[in-house]
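Chain naming here is simple, since letters A, B, ... match the order of the sequence lines and numbering starts at 1 in each. Just so it is clear, the structure is predicted and the values come from calculations on it, not from any experiment.
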Amino acid sequence: MPFRVLVANRGEIALRIIRACHEEGLEAIAVYSDADRLSPQVRAADHAVPIGPSPPSESYLRIDRLLEAARRTGASAVHPGYGFLAERAAFAQAVEDAGLVFVGPPARAIRAMGDKTEARRRMQAAGVPIVPGLTVPVTDPDAARRAAAELGFPVLVKAAAGGGGRGMRVVQAPEELAGALETAASEAGKAFGDPAVYLEKYIERPRHVEIQILADRERTVHLGERECSIQRRHQKLVEEAPSVALTPELRQRMGQAAVAAARAVDYRSAGTCEFLLAPDGSFYFLEMNTRIQVEHPVTELVYGVDLVREQLRIAQGLPMRVPATPLAPRGWALECRITSEDPAHGFLPSTGRIEYLRVPAGPGVRWDGGFEVGDEVGLHYDSLLGKVVVWGATREEAVRRMRRALEELVISGVATNQAFHLRLLADDAFLRGEFASQFLDRRPDLLAAQLSDDQMTALAVAAALAEDEARAIRKPVVGDEIAATRWRLAGLWDGLRG
Amino acid sequence: MPFRVLVANRGEIALRIIRACHEEGLEAIAVYSDADRLSPQVRAADHAVPIGPSPPSESYLRIDRLLEAARRTGASAVHPGYGFLAERAAFAQAVEDAGLVFVGPPARAIRAMGDKTEARRRMQAAGVPIVPGLTVPVTDPDAARRAAAELGFPVLVKAAAGGGGRGMRVVQAPEELAGALETAASEAGKAFGDPAVYLEKYIERPRHVEIQILADRERTVHLGERECSIQRRHQKLVEEAPSVALTPELRQRMGQAAVAAARAVDYRSAGTCEFLLAPDGSFYFLEMNTRIQVEHPVTELVYGVDLVREQLRIAQGLPMRVPATPLAPRGWALECRITSEDPAHGFLPSTGRIEYLRVPAGPGVRWDGGFEVGDEVGLHYDSLLGKVVVWGATREEAVRRMRRALEELVISGVATNQAFHLRLLADDAFLRGEFASQFLDRRPDLLAAQLSDDQMTALAVAAALAEDEARAIRKPVVGDEIAATRWRLAGLWDGLRG
Amino acid sequence: MKYFVTIGGREIPVEVKGDRVTVAGREYQAHLAPVPGTPLRQLLLGDRSLTVAMQSGGRGAWRLESRGLRLDLEVVDERTRHIRDLAGPGAGRTGGGQVRSPMPGLVVRLLVEPGETVEAGAGLVVLEAMKMENELRAHGPGRVTAVLVAPGQAVEKGQPLVELAPLST
Amino acid sequence: MKYFVTIGGREIPVEVKGDRVTVAGREYQAHLAPVPGTPLRQLLLGDRSLTVAMQSGGRGAWRLESRGLRLDLEVVDERTRHIRDLAGPGAGRTGGGQVRSPMPGLVVRLLVEPGETVEAGAGLVVLEAMKMENELRAHGPGRVTAVLVAPGQAVEKGQPLVELAPLST
């Protein structure tokens, strides 16, 4: 019986997984909500099954419907992608209980890492360095204030479940603590169904560095780091591999810590250990993301390993194809996330139908997209439209190539953050690699649209010529002709009457 | 003064060069014929200059107009691409005489390699193995017959100038010789302005293997081989690197022969030595292409070197960035040429406007295209629309990825050879790497369209549903409404009269 | 409504009833949705997914493009098919012994003269297009009854070049 | 014809005469060509090349997209501009002290009440969209004269949420 994979996701990651299935010679089954009838995942898959209305709570988050779709199509395995149910132990468990393979870690590993407080305890026990903080959730403002005073401000309020910046608040002073606890708990409750939050020491000006892990039955290996410091409101915007901040020796130490973390929970498949890297070179385990990451392509480009295909192999009980000799990154890779967020309006979500799309191509450019011409970009789902990923022999070459690629990209019909990326890539501090996680907070200038005089002149001429032409060709159109005919007819009637 | 590059070409290679310019931080100037006003090269370049009517003889082959465009825009250098004037020594000379840099070899190297007969003599002198044959052009059928008898049939009649299959004929028996001489000379005269042809021994079942060369002022290095055996009428369709037929030792020997060939003519920039590789492992220098090749991307993918960017560096007098240590290919790369040729009609050229284009993307896929939605594909120029290039860790992975990529590609508005490539990539002999240059001549089955019962059923349903829907919504359209109004008006007149 | 779809020389009956179709003896739920702003339509046949570029030629003629294959299909309903059957086989065919230009191009050389007898595969006309010379050959043996073009002449796609009569044996 | 193009708060006069335009004191040959089947137009201004997605909003309003920048331009001729000048500055502006929703979303919390005085940057309304809470802030100091929405209410893009009056100092 062929190994068939149901892809329980949408957008670019669903397409990414379907591509990997096809390259592994496996059939792919897409699921789709009402809004996604024509989506790229439906078009790319061999089979497609409807799973309900557009709100995620009625489709992509419905374990029962996903399992029913798997049963109906004879799926052997389920790949959760990222987001949605990817890090819900209950989903992995339900898939296992249905006799199917979950393409990811075992439910118990997700459970162990999913409770951040519990995970911190385990990591401490396994000898992985962690950020000083509470190892139990906190709700009482007074208790929180005492703990914060002990840790020393600033402190971070953080959701026990989940990640991605939601349910996270930096608190600079005691009087802000109560409000932050409330907001974070509210967001966490909504996003993850669990309002538990905890407190930890806030490391100032850290870099956000994460280590990629891959584990099969026999081996657990790391595939180096990704630098994810360019974030806005804790949402990553630009990622790269390797990081300018890591020496081969530090890479080796952080890699070993990540491998130890994964082994501590009997990890399988692809996963990522997030670390804060302080300016003094000390690093702290933050959490493990028990799924494939949005930014996994930068690792793939510098290590020559296809992480999603390896996930599929591991899920089939096959050994991963990663050589046993220690790997070193080759060249440099960058990823820019293209989102339907309008930097001209405070990065607020933009909606609309994609009227035209021209994806960047040519040497060293990879486009992982999740939409096509004709697709509606709505508010039900994440704003990530696609990822431009480039490889270059050096960081400088990769940056130049990314700039070229971003200049080629044309998305018409919805506002995006494309121009922001172009500004960032021209920024001296970014080019020198001198940035930390709060880089964008200190650089609001990068968020504002910039237009040179030359550009402005050219655009003004384009508009004037277009208007001039529109006026010249504004002739009686068909509708007018009908009206004119009717008018003559009416005149005729009048004549008859008169 | 900034280094500005005029790109004296069109199509995918023009876009490729413009991309390289931008990644090197150089301005690019496009030229365009009347037919190419909206072409990708115009859209991608910083500046664009018209150079005349659509026929190449009145635009892309007009040295005077190209130099005038360079002068007008303040260009520092001219990149000729491939085809058109790329291998005309007179063009390189004219560029040099105008005080500009020719992005390619010196005119004298082009001249030395351009005359195939002369080149064979030089190569023989430099110790590079060559195919037995005449070293002077032949016109007299009797002389040709005597020479052919000495070499032994089959023999090859070949244009002294040019390449790419034009002016080339295989002759199996003496009585075919006179006709072949005439046709080859006629084609050669038309294609290259020089009807001279010569004769050589025809190597049966050879592989067509070529070695990439890169030379700056200091060094001449080779970047391994490309296998180009999948050809139709001497036009390459699929290329790969490395070749299944080469061991590291043979690669080293062929590479050294190619380096010797380049050094014998004081070569600079990128160039390619073509060899015939016989089944017994012996190899023969055929010719040197003194330009960037269509298939250069497969080398770039396995060596991590950007050949066009290195050309631009060498043209600026900078050293190439290729490490001095001997390089080895990493993984496997494949290229499929997508042409506007209809395999269902004997690969005859197809024309039309591109209505829709969806390029392949995702991991390991590179698309080097030369057209966009809205472009007209006409008969003035080469039928190459674009190239799908993939990288995989092994040949098998590369082939699977290529199949996935070709299934993603959608070009609507013009017939292409895309389906042929998909058939080829599913063929057992191709998958085993068992093929030689005449592979397609012996496999006409690969040229015919194939459709499974399942596909046929699905397409029939699609057509029936579309027809059913079209009938349901066929309502009076605006034109009918006007007619109806006029008809009523006419009836009214009749009523008035009656 | 029952339709008869001709594809690649085969006729496939397809019955359409709302969102259900019956084809090859099986009934499926089927849904064909146009992708806005493109020539594409997305077909779900049961849970099978297929995206096809479609262009209507009118009167039941459809051009489909799928994975690089370009196919011309014809869809007729039962009544039209019945009328055609009455008109007899071969009705509507044109062009019998004419060899037509498969593309726009330039006539380089004529390889035959009127009255000449040719064998299957014999070269008739050399046409130049896209910088290549292409030899057009006879599909079967015949006698040349007319040569309709001259060297140097530009020809359109579909333009008759040579007329052949079958050999009377 | 002379046009006045407003772009990013600046007004740029452009004179168009056939294929020649005069802008910023220089005359160029210019050609704007639509790319068939796309919203793109290709501009050659002298030998400078630029491709822009353009959409007409009617009455001289144009939306341009270039390298990811989305810009709303207005093109008026001399006569129209003259009439506007006569109507006086600010004519035609709307929405003065209204804070509008910049996107469709759900009102999560109100942070102000009518009568309250706020400083520049003060939070007014928390809106949820795309799984993120977004706080809308006051652009300048003012007094809240009306709150037009309630928590839990779904709002459209552009819908007024809060009315502010300038502080009378």
- Item | Audit row: Y3(D), R471(A), side-chain contact (heavy atoms from CB on, under 4.5 Å) steps and yes/no | CA-CA 12 Å; Y3(D) 295 99; R471(A) 290 179 181 208; 3.8 Å; yes
Listing, residues 17-26 of chain D side-chain donor-acceptor contacts under 3.5 Å, not counting sequence neighbours, or none:
unit_1	atom_1	unit_2	atom_2	d
R20(D)	NE	E27(D)	OE2	2.4
R20(D)	NH1	Q29(D)	OE1	3.4
R20(D)	NH2	E27(D)	OE2	3.4

- Kindly compute the distance separating OG (S66(D)) from CD (E407(A)), expressed to the nearest 0.5 Å. 9.5 Å
- Task: Heavy atoms only, distances under 4.5 angstrom: which of I338(A), L422(A), V373(A), L451(A) has the most pairs with chain D? Name it, please.
- Result: L451(A)
- Options L406(A), L465(A), D468(A), ranked by heavy-atom pairs under 4.5 Å with chain D, top entry: D468(A)
- Note on the structure: When rounded to the nearest 0.5 Å, the distance separating OG of S350(A) from CZ of R70(D) is 5.0 Å
- Item | Nearest non-hydrogen partners of L45(D) and V461(A), listed with the distance | CD1-CG1, 3.9 Å
- Item | Heavy atoms from other residues, nucleotides or ligands near CD of E156(D) exceed 12 (cutoff 6.0 Å) | no
- Locate the shortest heavy-atom distance separating K190(A) from V108(D); write the atom from each residue and the value. NZ-CG1, 3.9 Å
- Task: Measure the spacing between CE of M456(A) and CG of L71(D) and express it to the nearest 0.5 Å.
- Result: 8.0 Å
- Note on the structure: Between L64(D) and L459(A) the two heavy atoms that sit nearest each other are CD2-O, 3.6 Å
- Query: Do other residues, nucleotides or ligands put more than 12 heavy atoms under 6.0 Å from E376(A) CD?
  - Reply: yes
- Query: Is it the side chain or the backbone of I7(D) that comes within 4.5 Å of chain A heavy atoms, both, or neither?
  - Reply: both
- Message: Rounded at 0.5 Å granularity, tell me how far CD in E467(A) sits from CE in M1(D).
- Response: 9.0 Å
- Query: Under a 4.5 Å heavy-atom cut-off, does chain A meet the side chain of V126(D), its backbone, both or neither?
  - Reply: neither
- Any chance you could lay out the salt bridge (charged side-chain N to carboxylate O under 4.0 Å, His left out) test for E469(A) and R41(D), step after step, and finish with the verdict? CA-CA 12 Å; E469(A) 190 192 86; R41(D) 301 196 192 202; 3.7 Å; yes
- Just grab all the ring pair (Phe, Tyr, Trp, His ring centres under 6.0 Å) pairs involving residues 400-422 of chain A, residues at least two apart or on different chains. F347(A)-F420(A)
- Identify the heavy atoms of A462(A) and M54(D) that sit nearest to each other, and give their distance. O-CE, 3.6 Å
- Contact origin within D454(A) toward chain D - heavy atom pairs under 4.5 Å: both
- Query: In terms of heavy-atom pairs under 4.5 Å, which option from R109(D), R48(D), E15(D), H31(D) contacts chain A the most?
  - Reply: R48(D)
- Message: Quick check: closest heavy atoms across Q418(A) and G68(D), and the distance to 0.1 Å?
- Response: OE1-CA, 3.3 Å
- Task: Looking only at non-hydrogen atoms, find the nearest pair between A464(A) and V16(D) and report the distance.
- Result: CB-CG2, 4.3 Å
- Message: Quick check for you: to the nearest 0.5 Å, what is the distance between L357(A) atom CG and T38(D) atom OG1?
- Response: 12.0 Å
- Query: Top residue by heavy-atom pair count (under 4.5 Å) with chain D, among A458(A), A466(A), A463(A)?
  - Reply: A466(A)
- Message: Rounded to the nearest 0.5 Å, what separates atom CD in Q455(A) from atom CG in L69(D)?
- Response: 7.0 Å
